[in-house]
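Below: one structure, written as structure tokens.
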Amino acid sequence: MKFTDSHKKSLEQVSIITPSYNCGCFIAETIRSVLAQTYSNWEMIIVDDCSTDNTESIVKAFADTDPRIRYIRNEKNSGAAVSRNLALKEAKGRWIAFLDSDDLWKPEKLERQIQYMVENDYHFSYHEYDEIDENSKSLGIHVSGIRKVGKWGMYSCCWPGCLTVMYDREYVGLIQIEDIKKNNDTALWLKVVEKCPCYFLPINLASYRRRKCSITPDGIWGKVKAHYPLFHIASRLSPVCSWFLVGINVICGIYKKLFYVHRS
């Protein structure tokens, strides 16, 4: 059988970036959602940020039976940004995808997203997702997005959920981000969107776990405190420009919640 260039591209490896800290009660389910993928050419790089629970033993049990799962432990507790940077350096695949250690993918996630990108010659994409609670039960929340997110769109609002993003590493290159404690995933998207726009696949392919102890900023003041370092430190913008973008993000965040976050 003779493969076309597009077919060959669609068969190339995906590197799944998974930072983890004390997610022993969730990470087995997360790994199983990857093992269930209909697209099998992947590696899952789990960077453990010095967990004090049973994360290491759980991950190693999976890694012992499936060499596609790679376990790395930080020398000291360093935060998600450092863990993501390390995993990105270790990644071998053409496609880079992200899955935090408490979230879940639908079985066809990788296959559908790669097909979408290859058929349309896109290098950066995201898709719909729903939200679940700590017991994996639906919260009746569905998040969608806009068709195309360019530079201004990404700086105005973080449209992609981390668990929905995929980009072409051969096109984008190695991405590394500054060490900020919150919104470090958005810092990545701001760097990738400098190379190519992000396109929306209107299919629900993942479940985001809403947890009580999540570090995701909540409320307007929480978003303000989290977004200023994103622009001033991670994107190295001036204080005036950073504060301006913080204001834009608050406004656009309200717009997104009103029109793109649906509750049943």
Side-chain angles (χ1 to χ4, degrees), residues 16-38 44 46 55 80 83-84 97-113 116 125-147 149 153-154 156-166 181-189 198-227 230 249-264:
I16 303 164
I17 308 302
T18 303
S20 182
Y21 178 69
N22 284 352
C23 279
C25 55
F26 302 115
I27 198 166
E29 189 178 7
T30 297
I31 294 172
R32 290 190 189 102
S33 80
V34 175
L35 291 170
Q37 290 298 301
T38 56
M44 186 178 191
I46 300 173
T55 292
S83 297
R84 290 190 212 276
F98 299 83
L99 181 63
D100 286 350
S101 53
D102 53 356
D103 295 333
L104 306 174
W105 281 348
K106 315 291 186 186
E108 69 277 14
K109 141 80 178 187
L110 293 178
E111 182 179 1
R112 296 292 295 270
Q113 193 165 12
Y116 173 70
S125 72
Y126 74 116
H127 55 74
E128 297 176 0
Y129 65 95
D130 57 44
E131 294 190 6
I132 57 176
D133 66 13
E134 293 183 348
N135 297 311
S136 302
K137 294 183 179 179
S138 174
L139 292 173
I141 298 172
H142 182 90
V143 184
S144 61
I146 59 175
R147 191 189 74 83
V149 187
M154 197 70 79
S156 300
C157 181
C158 182
W159 288 99
C162 183
L163 70 170
T164 74
V165 169
M166 183 182 291
K181 300 307 175 185
K182 297 181 180 180
N183 284 335
N184 46 78
D185 52 347
T186 309
L188 273 165
W189 319 152
C198 187
Y199 290 92
F200 178 65
L201 171 60
I203 304 173
N204 178 10
L205 296 173
S207 295
Y208 171 79
R209 192 183 302 276
R210 182 69 64 178
R211 296 169 58 195
K212 296 176 183 177
C213 62
S214 172
I215 65 168
T216 302
D218 207 7
I220 292 179
W221 181 238
K223 293 183 184 301
V224 168
K225 291 192 293 183
H227 277 77
L230 169 66
N249 269 260
V250 169
I251 295 169
C252 290
I254 294 171
Y255 173 80
K256 178 181 176 180
K257 279 192 173 183
L258 286 173
F259 297 101
Y260 294 92
V261 178
H262 308 286
R263 300 174 184 271
S264 57

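Along the sequence shown, the residues carry numbers beginning at 1.
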Next item on the list: Would you indicate whether the side-chain heavy atoms of W105 and L110 approach each other to under 4.5 Å?
Entry: yes
Next item on the list: Give the minimum heavy-atom separation between L163 and A206, together with the two atoms involved.
Entry: CD1-CB, 3.4 Å
Next item on the list: Of all the heavy-atom pairs spanning T30 and M44, show the shortest one and how long it is.
Entry: CG2-CE, 4.2 Å
Notebook entry, point to check: What do the steps show when you test K109 against H127 for side-chain contact (heavy atoms from CB on, under 4.5 Å), and what is the final call?
Noted result: CA-CA 9 Å; K109 141 80 178 187; H127 55 74; 3.0 Å; yes
Item checked: Beyond-backbone contact of E111 with Q37, side-chain heavy atoms, under 4.5 angstrom -> no
Checklist line | Sole candidate of W189, Y260, F200 that passes ring-ring contact (aromatic ring centres under 6.0 Å, His included) when paired with W159 | finding: Y260
Note to self: Checking side-chain polar atoms at under 3.5 Å, does K106 have a donor or acceptor matched by the opposite partner on S207?
What the structure shows: yes
Margin query: Taking the side chain as everything from C-beta on, heavy atoms only, tell me whether Q113 gets closer than 4.5 Å to S125.
Written below: yes
Notebook entry, point to check: In Å and rounded to the nearest 0.5 Å, what is the CD1 to CD distance from I132 to E29?
Noted result: 6.0 Å
Check: Which heavy-atom pair separates R84 from C162 by the least distance, and what is that distance?
Finding: NH1-SG, 3.7 Å
Margin query: Ignoring hydrogens, what is the shortest heavy-atom contact between S20 and I27? Give both atom names and the distance.
Written below: OG-CD1, 3.7 Å
Item checked: Residues L205, T164; criterion side-chain contact (heavy atoms from CB on, under 4.5 Å); working and verdict -> CA-CA 8 Å; L205 296 173; T164 74; over 6 Å; no
Margin query: I need the minimum non-hydrogen distance between L104 and S33, along with the two atoms involved.
Written below: CA-OG, 3.8 Å
Item checked: E108 and T38, any side-chain heavy atoms less than 4.5 Å apart -> yes
Notebook entry, point to check: Is the closest side-chain heavy-atom distance between R147 and P202 below 4.5 Å?
Noted result: no
Next item on the list: List the atom of P19, the atom of A80, and the distance in Å for their closest heavy-atom pair.
Entry: CB-O, 4.5 Å
Notebook entry, point to check: Do V250 and H227 come within less than 4.5 Å of each other through their side chains, counting heavy atoms only?
Noted result: no
Check: Just wondering, do I46 and I31 contact through their side chains at under 4.5 Å, heavy atoms?
Finding: yes
Note to self: Between Y126 and I146, is there a side-chain heavy-atom distance shorter than 4.5 Å?
What the structure shows: yes
Next item on the list: Using a strict cut-off of less than 4.0 Å between a Lys/Arg side-chain nitrogen and an Asp/Glu carboxylate oxygen, indicate whether R211 and D103 qualify as a salt bridge.
Entry: no
Notebook entry, point to check: For H142 and S264, what are the C-alpha separation, side-chain angles and deciding distance, and is it a side-chain contact (heavy atoms from CB on, under 4.5 Å)?
Noted result: CA-CA 8 Å; H142 182 90; S264 57; over 6 Å; no
